[in-house]
Structure formats: structure tokens, C-alpha cells
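Let me begin by presenting the structure, written as C-alpha cells, before commenting on it.
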Amino acid sequence: GAGVSQSPSNKVTEKGKDVELRCDPISGHTALYWYRQSLGQGLEFLIYFQGNSAPDKSGLPSDRFSAERTGGSVSTLTIQRTQQEDSAVYLCASSSGGARRWTQYFGPGTRLLVL
Amino acid sequence: GENVEQHPSTLSVQEGDSAVIKCTYSDSASNYFPWYKQELGKRPQLIIDIRSNVGEKKDQRIAVTLNKTAKHFSLHITETQPEDSAVYFCAASKGRAAGNKLTFGGGTRVLVKP
């Protein structure tokens, strides 16, 4: 079946502008995660959604970052007043609630460049 | 919070040789340890994982070992091939209690020379 998809694949924006990044998880997956990967670095946890529970926002680096998940499926990560240090690849992952619930499947990422 | 250290940061091996990547973690409550392979410009792909109730797991040329006492785990790739060239990431999770969120190591860039 279809994997995790993300859009756009690339985004170039000017410092100070807002951006929205979208994630479509694997159908039926109840958990959705956002990670950030800076150039040449590992992945950094940002936020986690599980079903109808309140999201775990403990990884968001500042209040300029927010995310929502509508209808338990699609998620949008919003970065307000972007800064150059926000430039990175933003990766989304999802996992099921079944026997392999701990396995996270990643999307291709959105490469964000803030000029 | 959890901290995962990964070594080496780069690894160059001759085709056919073995490659070993090591990770240490700080939180003894971590109980799930996946390894991801990321080729240039591609998404991370899970290649093998291990739960804390198991000491070793193998899948063809890939194996992972876990030492809970020492809080470290390793990835072993035998008979390396050029297509094994990629960046490998280890990660740790405390499972459901922490939302299964992953803490990643910094990555190891593996180059297999033909």
C-alpha cells in the first residue's frame, strides 16, 4: 500500500514568512510523529500525535512551531516567522496500533530552506 | 531525557569486510532499539530492530546485539556490498509510556569500497 507522503518536497522561503508542511500517514496508522534533520545531523523529535489524545509537544524548539492533526489522519506542521536556523529536512513518520506499533515508517521529508 | 551516542561518525570498509557501528544510551528505561538506513536524499528505512528482552537478532547479513547492563547496542553488517553505502542511524525508545518517540544517534556514514 501507499507509504507516508509529505508535501511539498522542497520549500524555499524568506526569513520572517510562515510555512506549512503537510504529512499524510499510512492509512489506519494511529500514531504520527514529526522529526527535524539538520544538515549532516541525526533526527530530532518535534511532536507526537496518538489517536485523540493530547499531542506530546515536548520537542518543539520554540513557540513559533505548532502542529495539528485533523480527523486523526493528515497533519500540518506550521512554522511562523521563519528563521535561517529553521532550515532543515522535516520528516514525518507514522506507526500502527497493532502488534508492530513501535515501528515507525518515515515519509520522504520536506526540505526547507530559509533565506 | 534520553541521550544516544553513536560511533564512529564515518566508516570506510572494503567490499566483503564487516562493518560494526556502536551506540550507547543513557536511560535504562529504554526498551526498543531500531536501526535505520538512509541513502542520500531518501527517507530513513528501518533495517532491523531489537526489544530489550532479547540480546541478539539477525536478519541475513545484518545483526544487532544489545547489552542492557552496559546500555549499549551494536549493528553488525557482514560481507559488505557497495549498496550498503549509506548513513546508518541508531535510536532508542522507552516504548508506549513515552509515546514510542525515538531518540536518534548522530549517524554513521558508511562507505563500502569495491
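When the candidates B:Arg43, B:Gln38, B:Gln45 are compared by the number of heavy-atom contacts under 4.5 Å with chain A, B:Arg43 comes out ahead.
Taking CZ of A:Phe106 as the reference point, atom CG of B:Leu102 lies at 6.0 Å (rounded to 0.5 Å). In this structure, B:Phe89 CZ and A:Gln37 CD are separated by 4.5 Å, a value rounded to the nearest 0.5 Å.
Of the atoms belonging to A:Ser58, it is side-chain heavy atoms, and not backbone ones, that fall under 4.5 Å from chain B. In this structure, no portion of B:Pro34 lies under 4.5 Å from any heavy atom of chain A. Neither the backbone nor the side chain of B:Arg109 comes within contact range of chain A; no heavy atoms are under 4.5 Å apart. With a 4.5 Å cut-off on non-hydrogen atoms, A:Leu43 touches chain B through its backbone and its side chain both.
Within a 6.0 Å sphere centred on CD of B:Gln60, other residues, nucleotides and ligands contribute 12 heavy atoms or fewer. With a 6.0 Å radius and a threshold of 12 heavy atoms from other residues, nucleotides or ligands, B:Leu40 has its CG atom at or below the threshold. More than 12 heavy atoms of other residues, nucleotides or ligands sit less than 6.0 Å from atom CD of A:Glu85. Heavy-atom contacts from other residues, nucleotides or ligands closer than 6.0 Å to CD of B:Gln81 number more than 12.
Grouping the Ile, Leu, Val, Met, Phe, Trp and Tyr side chains by contacts below 4.5 angstrom, directly or via other members, places B:Phe33 apart from B:Leu46.
B:Pro44 and A:Gly107 make their closest contact through CD-O, 4.5 Å (heavy atoms, listed as atom of the first residue, atom of the second, distance).
Residue pairs meeting the salt bridge (charged side-chain N to carboxylate O under 4.0 Å, His left out) criterion with at least one member in residues 46-59 of chain A, sequence neighbours excluded: A:Asp56-B:Lys101. Residues in residues 52-92 of chain A take part in these disulfide (SG to SG under 2.5 Å) pairs, two or more places apart or across chains: A:Cys23-A:Cys92.
In summary, the aromatic rings of B:Phe104 and A:Phe45 are positioned with their centroids too far apart to meet the 6.0 Å limit.
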